[in-house]
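Beneath this line is the structure, given in structure tokens, with notes to follow.
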Amino acid sequence: MKNAPLARVTGTLLLTAFLVLTLVFAVQGSFETRGQIANTFARQSQIQQAQIDLEELLRLQIDEENSLRGYSLTRDPFYVGQYHQAASGYDSKEGAIRQTLRDQRLIAAEQLLGTYDHLQSEWRTEVATPLLRRPGERLDELDKRNKLFSDYETGTVAAIRQALANTDAALVHSTQEQLDRSSWVRAFWVSVFGLLAILFNTYRTRLNRELEEERTVTKILQGAFRSESVPLPHCEVGSAYLSATSHMAVGGDIFDVYRLSENRALVLIADISGKGVDAAVLTAFIKFMIRAIALRKSDPAAILAEFNAAFSKAVGNPYLFVSMFVGVLDTGTFHLEYGSAGHDCAYVRTGAGVAPLAITGPVLGVMEEPYGSQSIDLRSGDTLVLTTDGLTEVRDRSGAQLTERGAIELIERASPHAQEMADELVAQVRARAGSRLRDDLAVLAIRVGNSEPRHA
Amino acid sequence: MRSAALALVLLAATLAPASADCRLHHGQHVVLYSTTDDPSVLIWDSRDRLREYHAASFDEAQAMLPHALLVSPGTRAVVVSCVPNFVQSPIFRTPDDAIGVVVSTGPQHGLTRWVLGSDVRLLSR
């Protein structure tokens with residue numbers, strides 16, 4: 001039961017993390033595919049450019065040969081210029097293609113281009129240069145060599161062309177594969193995301209239902225366990241509760257204002273050594289037990305003594321003890337009989353200031369000791385302020401406790417109206433503790449004097 | 001004497017049953033024109049040399065050139081023999097035919113030689 005909220009939070013966080021992770025995978029997968037495809041397209045574009053360059057290279061090579069033929073037949077120097085221009089263009093284009101083949105790691109094609117370039121260079125040396133020197137002599141041997149070079153270059157270019165075409169086809173195929181794979185992967189992650197979303201929604205719905213059920217149970221339990229205060233004639237009653245452990249607003253502190261008869265009211269505040277739901281269960285036992293005893297006995301000392309004897313036997317836990325203030329207030333005369341079993345957080349605020357009420361015995365549940373009782377006559381405007389040690393022991397950021405002195409100062413400064421006073425004390429504690437609240441706090445304030453007391 | 005021997009070899013080849021795959025047949029008039037950058041055509045003194053030339057390295061091919069004659073593009077000839085898929089080039093993927101021809105125009109008029117199938121075009125009349 002204690003780990004249920006943790007499990008819920010963990011479950012929600014885990015599912016949310018999975019959802020986010022799935023979404024991240026789906027989105028990242030898309031971007032990755034986009035990057036891969038962009039890369040493939042860039043490569044494809046480079047290959048296609050190389051194909052165009054190769055055809056251009058071939059044209060330039062033919063230009064070289066034709067210029068040479070032109071010069072050989074006409075001896076017009078114009079053709080020599082054309083020859084050199086074509087040769088220069090050829091070299092530049094060859095360099096560009098070589099770079100592309102290197103970038104694309106087309107080693108075989110690059111080697112072929114090397115062969116091609118070598119052949120062209122040989123052709124220039126063995127065929128072109130002699131013809132440029134002696135254009136009139138059209139030697140058969142040179143023509144045959146020219147033909148040989150031409151045959152080989154044509155073959156080499158065809159092989160390079162084929163290599164580029166193969167690479168281009170492979171890239172197209174690769175793009176198609178990437179798109180296919182990406183579609184499947186994306187479909188997978190979207191499906192997982194969808195399924196997780198459905199799961200998450202189902203989980204949240206179940207969680208909400210559980211929480212709703214819990215809220216209902218809590219409300220019912222609060223009705224049983226929670227401290228109660230009923231309106232008293234001629235009195236203004238205010239109360240507040242601050243639980244250190246849960247939203248249930250129940251814990252190890254309890255207060256109770258219970259009308260024993262028309263003019264008598266039981267006033268109770270107690271602090272059990274423990275907190276949370278376990279301690280809250282015990283508070284119910286204490287509340288109803290004290291009420292039962294108080295209906296039979298009017299002396300707070302007797303109530304405390306009987307409770308002490310019963311508590312130890314009924315609970316059977318030597319480590320569990322209770323500090324308690326029990327008062328019986330005559331709502332006609334404002335006479336208060338009280339007993340305090342180790343409860344040092346009871347005060348009376350009068351026009352003269354705030355005074356703590358004395359302890360009349362040890363805490364309950366430790367040993368069987370006699371308890372005493374005291375009485376006080378309250379006057380109109382006086383306020384009985386009962387709190388638990390959550391007030392005096394609250395720590396600020398530096399770790400300093402408020403102490404009794406601080407509590408008295410707070411009570412002195414608080415609103416004269418009972419409910420406002422209770423709320424202010426709780427607010428002060430909450431502000432002082434911040435997220436460091438470690439103990440429950442119960443506050444019960446009873447301001448007398450709605451009408452003048454009837455003196456006996 | 002050498003020409004006469006070659007003629008005999010070609011005649012023997014002609015008498016052999018022509019393969020159904022052969023593109024050209026005995027007696028057909030053709031024109032020589034190369035599909036490479038240089039449209040001139042090398043004509044060879046034997047079909048084996050023709051084949052070796054296309055399978056050889058550049059240096060080997062260069063060494064074989066004395067066994068070939070270069071004829072101008074457009075030179076005409078008559079088919080006397082055809083050996084299908086005889087020439088295998090490591091660069092061109094499909095095999096080519098070896099065609100035996102008698103040159104009918106130009107300086108090499110009357111010579112009987114071997115040429116690559118793709119260098120021969122049927123002369124349309």
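So you know, we letter chains A, B, ... as the sequences are listed, proteins then strands, and number each from 1. Keep in mind the model is a prediction, meaning the values are calculated, not measured.
Heavy-atom distances place the backbone of B:Ser57, and not its side chain, under 4.5 Å from chain A. Using a 4.5 Å cut-off between heavy atoms, A:Leu148 contacts chain B through both its backbone and its side chain. For a residue to count as touching a neighbouring chain, one of its non-hydrogen atoms must lie under 4.5 Å from one of that chain's; by this rule A:Leu112 does not touch chain B.
With no hydrogens or angles considered, no side-chain donor-acceptor pair links A:Arg161 and A:Gln51 at under 3.5 Å.
The greatest number of non-hydrogen atom pairs below 4.5 Å with chain B, out of A:Glu65, A:Glu153, A:Lys147, A:Gln61, is found for A:Lys147. Between chain A and the residues B:Thr35, B:Leu42, B:Leu69, the most heavy-atom pairs under 4.5 angstrom are made by B:Leu42.
Under the 30°/60° scheme for interplanar angles, the aromatic rings of A:Trp189 and A:Phe25 are found to be tilted.
Between A:Glu110 and A:Arg105 no salt bridge is recorded (no basic side-chain N to carboxylate O distance below 4.0 Å).
The side-chain heavy atoms of A:Tyr71 and A:Tyr83, taken from C-beta on, include no pair separated by under 4.5 Å.
Scanning all heavy atoms of the two residues, the minimum distance from B:Cys82 to B:Arg23 falls at SG-N, 4.3 Å.
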